[in-house]
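Structure first, commentary second.
In this text the structure is predicted, and so the values were computed from the model without any measurement.
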Amino acid sequence: MHKRIPLAAGACLLALAGLAQAQATPTTPTPPAYKYAVSVSITVPANSAGSIASKDKTQPTSTRFSPCSSASDQLLFTVKYDAGKDANSLQNTYVIFHRQDSFFPLVRRGLNNVTAPFFKAYADPSNIDRTDAYTLAANNLGGLKTENLLGGELPVEGLASGIWMVTAIVAPAATVDFDKPSTWSAWDTATFMLGKPWTGTQNATCS
């Protein structure tokens with residue numbers, strides 16, 4: 001003998017059955033976005049001209065400064081970056097020096113490249129080649145890295161005086177646009193000054 005189930009009760013039972021089936025079907029959670037990070041810092045080494053100048057309160061203190069006066073003008077540039085950990089998340093890391101309308105990406109390759117590392121020069125950031133990376137994703141072992149650029153303390157003889165910036169960027173090579181920060185996964189900028197705030201005509205380069 002069959003029992004008749006009221007229409008409303010039958011709809012309720014069907015809904016409960018569908019809910020149970022949905023709960024029984026596991027869903028794959030969306031993995032969280034990788035937390036890319038990068039920072040760049042500039043220090044004046046001990047006994048350098050900048051270190052001596054920093055003790056003179058009449059000299060600039062708001063930015064890293066070297067007076068451009070002797071062979072002891074040296075700076076230390078350190079970049080710390082996390083550009084991914086595996087093939088699915090690794091991205092390129094770029095380091096670009098900038099002064100006025102000139103852009104100088106620091107390009108690093110393997111030991112078999114006799115010109116590495118080297119600087120390239122551009123007048124427009126949108127023209128920087130996406131392969132002009134400090135660390136290509138293909139050469140990155142993954143995880144957090146801390147490195148002194150070019151190995152350590154760097155003399156600045158021959159550089160133009162004025163305000164300089166160094167920018168570190170983590171970004172995917174396929175879509176990075178150096179004129180659009182929205183295409184960068186992480187970035188940081190630090191400034192330094194050589195000699196004076198501008199180039200001018202007197203003592204325009206570090207001696």
Side-chain angles (χ1 to χ4, degrees), residues 25-46 48 50-51 63-64 66 74-99 102-156 159 163-192:
T25 304
T27 57
T28 303
T30 302
Y34 192 83
K35 294 183 178 180
Y36 296 98
V38 66
S39 64
V40 60
S41 61
I42 304 168
T43 55
V44 287
S48 67
S51 175
T63 188
R64 293 300 182 189
S66 200
Q74 297 187 32
L75 296 171
L76 177 65
F77 301 89
T78 303
V79 61
K80 180 184 295 185
Y81 61 96
D82 188 336
K85 65 177 181 179
D86 53 36
N88 295 322
S89 61
L90 284 171
Q91 297 184 359
N92 284 0
T93 302
Y94 301 90
V95 174
I96 301 170
F97 285 75
H98 167 234
R99 179 188 159 275
S102 299
F103 302 83
F104 307 96
L106 176 58
V107 183
R108 186 173 63 168
R109 296 288 185 263
L111 288 175
N112 61 335
N113 189 327
V114 296
T115 61
F118 60 96
F119 287 97
K120 294 180 70 173
Y122 293 89
D124 188 326
S126 63
N127 292 333
I128 297 175
D129 195 298
R130 294 172 177 175
T131 64
D132 289 342
Y134 175 72
T135 302
L136 291 168
N139 296 333
N140 190 348
L141 297 177
L144 183 64
K145 309 289 183 184
T146 301
E147 300 173 6
N148 293 330
L149 297 184
L150 297 169
E153 300 158 0
L154 300 175
V156 298
L159 291 183
I163 303 293
W164 287 75
M165 291 186 292
V166 55
T167 296
I169 298 170
V170 171
T175 58
V176 63
D177 184 333
F178 296 100
D179 204 24
K180 294 182 179 179
S182 60
T183 67
W184 309 345
S185 299
W187 65 287
D188 190 30
T189 294
T191 61
F192 61 101

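- Here the shortest heavy-atom pairing between A137 and N92 reads N-OD1, 2.8 Å.
- Contacts classified as ring pair (Phe, Tyr, Trp, His ring centres under 6.0 Å) and involving residues 165-191 (residues at least two apart or in different chains) are given here: Y94-F178, W184-W187.
- Two residues are said to be in side-chain contact when any heavy atoms from C-beta on lie closer than 4.5 Å; L159 and W164 meet this criterion.
- R109 places a side-chain heavy atom less than 4.5 Å from the side chain of L136.
- The residue from Y134, F97, F104 that alone fulfils the ring-ring contact (aromatic ring centres under 6.0 Å, His included) condition with F119 is F97.
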Could you check L149 against L106 for side-chain contact (heavy atoms from CB on, under 4.5 Å), going step by step and ending with a plain yes or no? CA-CA 9 Å; L149 297 184; L106 176 58; 4.3 Å; yes

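- Between I96 and I128, some side-chain heavy-atom pair lies under the 4.5 Å cut-off.
- Side-chain atoms of V79 and V166, non-hydrogen and from C-beta on, never get closer than 4.5 Å to each other.
- K145 NZ: more than 12 foreign heavy atoms inside a 6.0 Å radius.
- Heavy atoms of other residues, nucleotides or ligands lying less than 6.0 angstrom from NZ of K120 number more than 12.
- To the nearest 0.5 angstrom, D82 atom CG is 8.0 Å from S89 atom OG.
- A46 approaches S51 most closely through the heavy-atom pair CA-OG, 4.2 Å.
- Taking OG of S102 as the reference point, atom OH of Y122 lies at 13.0 Å (rounded to 0.5 Å).
- Looking at heavy atoms from C-beta onward, V40 lies out of side-chain contact with T167 at the 4.5 angstrom threshold.
- Test T135, L144, T146, V95 against Y81 for side-chain contact (heavy atoms from CB on, under 4.5 Å) and you get one pass: T135.
- To the nearest 0.5 Å, atom OG1 of residue T43 and atom CD of residue E153 are 7.5 Å apart.
- Note: E147 CD to F77 CZ = 15.5 Å, rounded to the nearest 0.5 Å.
- The side-chain heavy atoms of S66 and F192, taken from C-beta on, include no pair separated by under 4.5 Å.
- Annotation for D179 and S126: closest pair CB-CB, 4.1 Å, computed over non-hydrogen atoms.
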Hey, mind stepping through N88 and Y34 against side-chain hydrogen bond (donor to acceptor under 3.5 Å, both in side chains) and telling me if it holds? CA-CA 10 Å; N88 295 322; Y34 192 83; over 6 Å; no

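- Between V38 and I169 there is no side-chain heavy-atom pair separated by less than 4.5 Å.
- Taking CG of N140 as the start and CG of D86 as the end, the distance is 11.0 Å to the nearest 0.5 Å.
- Shortest non-hydrogen contact noted between A174 and R130 is O-NH1, 2.7 Å.
- Contact check for L75 versus L154: no side-chain heavy atoms found under the 4.5 Å cut-off.
- Atom CD of Q91 is separated from atom OG1 of T93 by 8.5 Å, given to the nearest 0.5 angstrom.
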